[in-house]
Amino acid sequence: MANNNQLMNIIASAHANNNSPKSLYDLSLKASICSLDGNTVRALDRISRLPELPRNLLIDVYEMMSQQDSLQDTLLEELSRLEVFARLVRHSPARSKLLGILAALMASKKMLSSRLSEAYVGRYNTKQTQDGDDGDEADEQQRREDVEEQEQSQDSLDERAKKLVQEYSQLQIPDEDVASTSNSASGRSMASQTMSPNHELELSVITTAMDQPGSAMPDAADDDLEELNGEELQAIDLGLRLGSFLSEAGWMQESISVLTCLNERLKRLPPHKYWLVMRLDCLQRLLYAESAHCNFKLAQRTYNDLMELKSSINDRVPADLVAITYTQISAMFFARNEYNNSHMWSLHAMRRLKHSATPRIAIDVLRQAAKACVVKRDFARANLLICQAVRRAREHFGRRHQKYGDTLLDYGFFLLNVDSVFQSVNVYKEALGVRRGIFGNMNFHVAIAHEDLSYAYYVHEYSTGEFSCAQDHVDKAVSIMKKLVPSNHLMLASAKRVKALLLEEIALDKMADGIDEEDLLLQSEELHNFALFLSLEVFGEVNVQTAKHYGNLGRLYQTMNRFEEAERMHQKAIKIKTDLLGPFDYEVGLSTGHLASLYNYQMKKYREAEKLYLRSIDISLRLFGLAYSGLEYDYLGLCHVYETLHDFEKYLQYAHTLENWQMLRGQNITQNKFSYPAIEQDYSIDEVKNKFFDSCGRSNDSNSAAQMTEAK
């Protein structure tokens with residue numbers, strides 16, 4: 001025992017001595033780790049006493065253990081104890097290392113995420129608690145011992161109670177606990193049930209209630225602390241932290257299990273001053289995990305729970321919490337392709353954002369509002385918001401932090417949409433590097449980054465026909481998703497959709513060289529039909545994502561010389577998009593141009609093609625201006641139409657227009673011109689809001705363009 005204490009003291013002394021070289025601490029740490037290997041009494045004793053170490057030392061010990069295969073099973077058992085994990089997850093400086101430890105264990109198939117979620121649900125499940133008399137006495141005894149051990153730990157329950165209430169009362173929601181909105185970074189569009197007609201009324205009611213001016217919450221009273229007893233505080237605090245940690249780490253299903261358990265527990269608590277705040281906090285984190293995992297049925301239920309709280313909203317709800325809740329609702333509608341609702345909720349979030357907001361909340365609100373502006377083609381405001389989010393993430397968290405990687409994905413999405421494709425590829429590459437550095441290779445967030453980079457490469461390499469980089473990254477995305485989600489999961493379908501687009505283009509290039517690649521086209525058709533089937537099953541017919549799948553099949557059938565089927569697919573896409581988005585939306589113009597190409601080059605319906613080309617050009621000029629890259633295909637198509645019809649006057653007119661476009665496009669490329677250069681000015685939140693809302697009523701007269709194909 002004396003030797004054990006001496007070793008622990010050496011580690012602590014080496015860490016605390018600023019004059020000691022780092023190697024001394026490392027050597028002490030390695031010596032301690034070596035002493036843990038084996039099944040001797042001494043090794044087991046030292047392992048059992050590890051939690052006695054200060055948290056800053058304990059996390060280093062666990063990190064080194066995670067890197068040694070022989071100690072991973074031991075580490076799994078240690079971290080599966082909720083009391084041990086709770087100490088570390090509450091320690092902000094240990095956050096990044098804890099994520100790395102989890103990633104290392106999961107990569108070795110040590111399922112810490114499921115062990116933790118099962119442990120939490122097993123202990124705090126409301127039904128189990130109610131039926132406790134019928135439960136196993138040994139389990140009950142273990143729970144009592146765990147509670148006693150927790151009370152004796154460094155942070156007593158009384159102290160934790162005071163800290164938790166103080167955090168809420170001072171509007172200081174812990175930075176590390178607020179769920180981010182990363183998955184929507186890629187702009188992938190998934191949808192679910194449409195809102196019922198009365199939801200607009202509900203929205204205005206809850207918005208009015210939440211937007212009432214209020215001050216900071218009053219100090220906690222003694223009776224509130226009594227209501228929030230130690231066991232309940234432990235369940236609430238750990239549930240919020242564990243649930244958010246798991247979703248941040250990419251293990252969404254486990255996060256959903258924890259937060260759902262906590263939500264049910266909160267529902268059954270007697271009313272007290274902080275019940276509403278805690279319930280909202282739990283629900284917004286749960287909504288993020290469900291939306292990110294594309295579980296839109298559960299997300300709809302969580303959204304409904306939020307709507308039911310509208311009559312209970314009062315001025316004690318922190319502005320930070322309201323802002324992030326609005327943002328998560330916006331992200332849910334964004335993922336469901338309901339862009340008007342997403343944009344509306346993002347505006348509400350921006351209004352509630354205060355200058356005192358924590359950096360993490362400010363970044364997430366700005367990111368989501370930027371994405372909502374992108375899909376509404378409001379690029380100037382999107383640029384303002386996403387540039388401010390990137391700058392804040394870089395300066396506050398650093399270039400290796402997950403929050404910076406998440407924000408880069410959103411910036412790449414913006415750049416791809418404003419025709420800065422090469423820049424977008426570089427940003428996506430950096431984002432992938434950040435995520436791989438944190439999570440390794442086998443991770444949900446890493447798969448999404450691979451898919452986003454693959455699509456950016458696909459757009460960038462479209463003119464060259466060299467898709468090797470795009471294919472490499474999409475294959476990695478599909479491989480990871482196959483191991484992490486069910487075979488019918490929407491995220492797997494999204495990655496397969498990108499792969500289908502690549503297979504089609506590769507087949508086209510080989511066919512141009514006289515090589516028969518029917519097998520590649522059939523593989524592409526199978527992948528597209530798989531994505532369409534899931535879209536219809538989850539979203540229904542009338543949804544933007546479903547329309548995009550119809551458009552993808554239309555292009556594929558055109559390549560496969562199945563022209564009547566291609567025509568039906570394009571017509572379906574145009575009708576759905578027009579009904580949902582209006583006649584002058586970018587998506588409508590895109591599908592219109594594809595149908596024009598079919599009529600022009602395959603079906604010889606030249607007059608119909610002429611009308612469609614002119615309509616597509618009109619939409620592009622309205623939205624993007626003269627330099628839009630997609631105009632090239634429409635101008636070339638019109639030249640072919642007029643040449644075939646022997647209308648040489650119009651042929652010369654559009655041939656000249658095409659030359660002017662090429663000159664303008666070439667100037668922009670050679671001079672490295674971008675319609676939306678990065679904004680590096682350090683604006684305050686109030687300045688960002690003023691600039692944002694001052695431009696709300698202005699029309700977007702951008703001269704940039706979106707190089708988006710039917711795939712997204």
Side-chain angles (χ1 to χ4, degrees), residues 184 187-203 290-291 294-304 307 329-346 371-372 374-377 488-491 493-494 496-497 500 527-557 564-595 598 612 615-616 619 623 706 708-712:
S184 51
R188 57 189 29 79
S189 297
M190 303 295 181
S192 184
Q193 308 160 10
T194 57
M195 291 178 64
S196 60
N198 66 334
H199 278 177
E200 292 297 329
L201 177 60
E202 292 181 350
L203 176 63
E290 291 166 342
S291 298
C294 298
N295 197 328
F296 296 119
K297 289 183 178 179
L298 292 181
Q300 180 66 39
R301 186 180 66 184
T302 302
Y303 169 79
N304 291 340
M307 294 299 99
I329 295 174
S330 173
M332 179 197 71
F333 282 120
F334 185 94
R336 286 168 34 169
N337 304 290
E338 298 178 39
Y339 296 142
N340 288 334
N341 285 325
S342 177
H343 188 258
M344 176 175 56
W345 279 103
S346 70
K371 291 200 296 292
V374 167
V375 293
K376 297 292 287 185
R377 307 300 160 187
N488 63 343
H489 197 278
L490 286 169
M491 297 305 296
S494 178
K496 285 186 174 181
R497 183 178 68 246
L527 293 172
H528 279 313
N529 276 318
F530 172 74
L532 174 61
F533 172 78
L534 287 183
S535 185
L536 287 169
E537 188 176 61
V538 176
F539 313 141
E541 176 90 0
V542 185
N543 183 270
V544 173
Q545 191 64 35
T546 302
K548 290 179 179 181
H549 292 314
Y550 282 135
N552 288 337
L553 280 169
R555 294 174 61 207
L556 177 62
Y557 290 150
E564 288 75 15
E565 291 175 89
E567 181 182 23
R568 287 199 300 273
M569 294 296 104
H570 285 314
Q571 288 173 340
K572 280 186 175 183
I574 292 172
K575 184 180 187 308
I576 294 171
K577 290 179 179 181
T578 302
D579 290 345
L580 290 174
L581 305 173
F584 299 108
D585 188 83
Y586 161 75
E587 287 289 344
V588 176
L590 198 64
S591 293
T592 300
H594 290 151
L595 181 57
L598 174 67
L612 292 171
R615 181 182 173 191
S616 178
I619 293 173
L623 294 176
M708 298 288 284
T709 73
E710 193 73 28
K712 288 285 185 179

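As the structure is a prediction and not an experimental result, all values here were calculated from the model.
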Under the criterion side-chain contact (heavy atoms from CB on, under 4.5 Å), I'd like the reasoning laid out for E587 against K548: C-alpha separation, chi angles, the key distance, then a yes or no.
CA-CA 9 Å; E587 287 289 344; K548 290 179 179 181; 3.2 Å; yes
Nearest 0.5 angstrom please: [X] [atom1] to [Y] [atom2], how far?
X    : Y    : atom1 : atom2 : value
L612 : H594 : CG    : NE2   : 12.5 Å
H549 : K572 : NE2   : NZ    : 13.5 Å
S591 : Q571 : OG    : CD    : 11.5 Å
Q545 : L534 : CD    : CG    : 11.0 Å
I329 : N341 : CD1   : CG    : 10.5 Å
N552 : R497 : CG    : CZ    : 7.0 Å

Would you say F334 and W345 make side-chain contact, with heavy atoms under 4.5 Å?
no
Sub-4.5 Å side-chain heavy-atom contact between L598 and R555
no
Donor-acceptor under 3.5 Å (S535 side chain, L532 main chain)
no
Keeping T546 on the side-chain end and G540 on the backbone end, is there a donor-acceptor pair under 3.5 Å?
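It does hold such a pair.
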For a quick test of reading the model, state the closest non-hydrogen atom pair linking [X] to [Y] and the distance between them.
X    : Y    : answer
I574 : T578 : O-OG1, 2.7 Å
S330 : S342 : OG-O, 2.7 Å
G582 : V588 : O-CG2, 3.3 Å
I619 : P583 : CD1-O, 3.4 Å
L580 : V544 : CD1-N, 3.5 Å

Is it the case that Y339 and N337 place a side-chain donor and acceptor less than 3.5 Å from each other?
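The answer is yes; a qualifying pair exists.
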Out of H570, R615, M569, which one pairs with L595 under the side chain to side chain contact (heavy atoms under 4.5 Å, CB included) rule?
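Only one option passes, and that is H570.
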Candidate list E541, K577, H528, test side chain to side chain donor-acceptor pair (under 3.5 Å), partner Y550, passing option:
E541
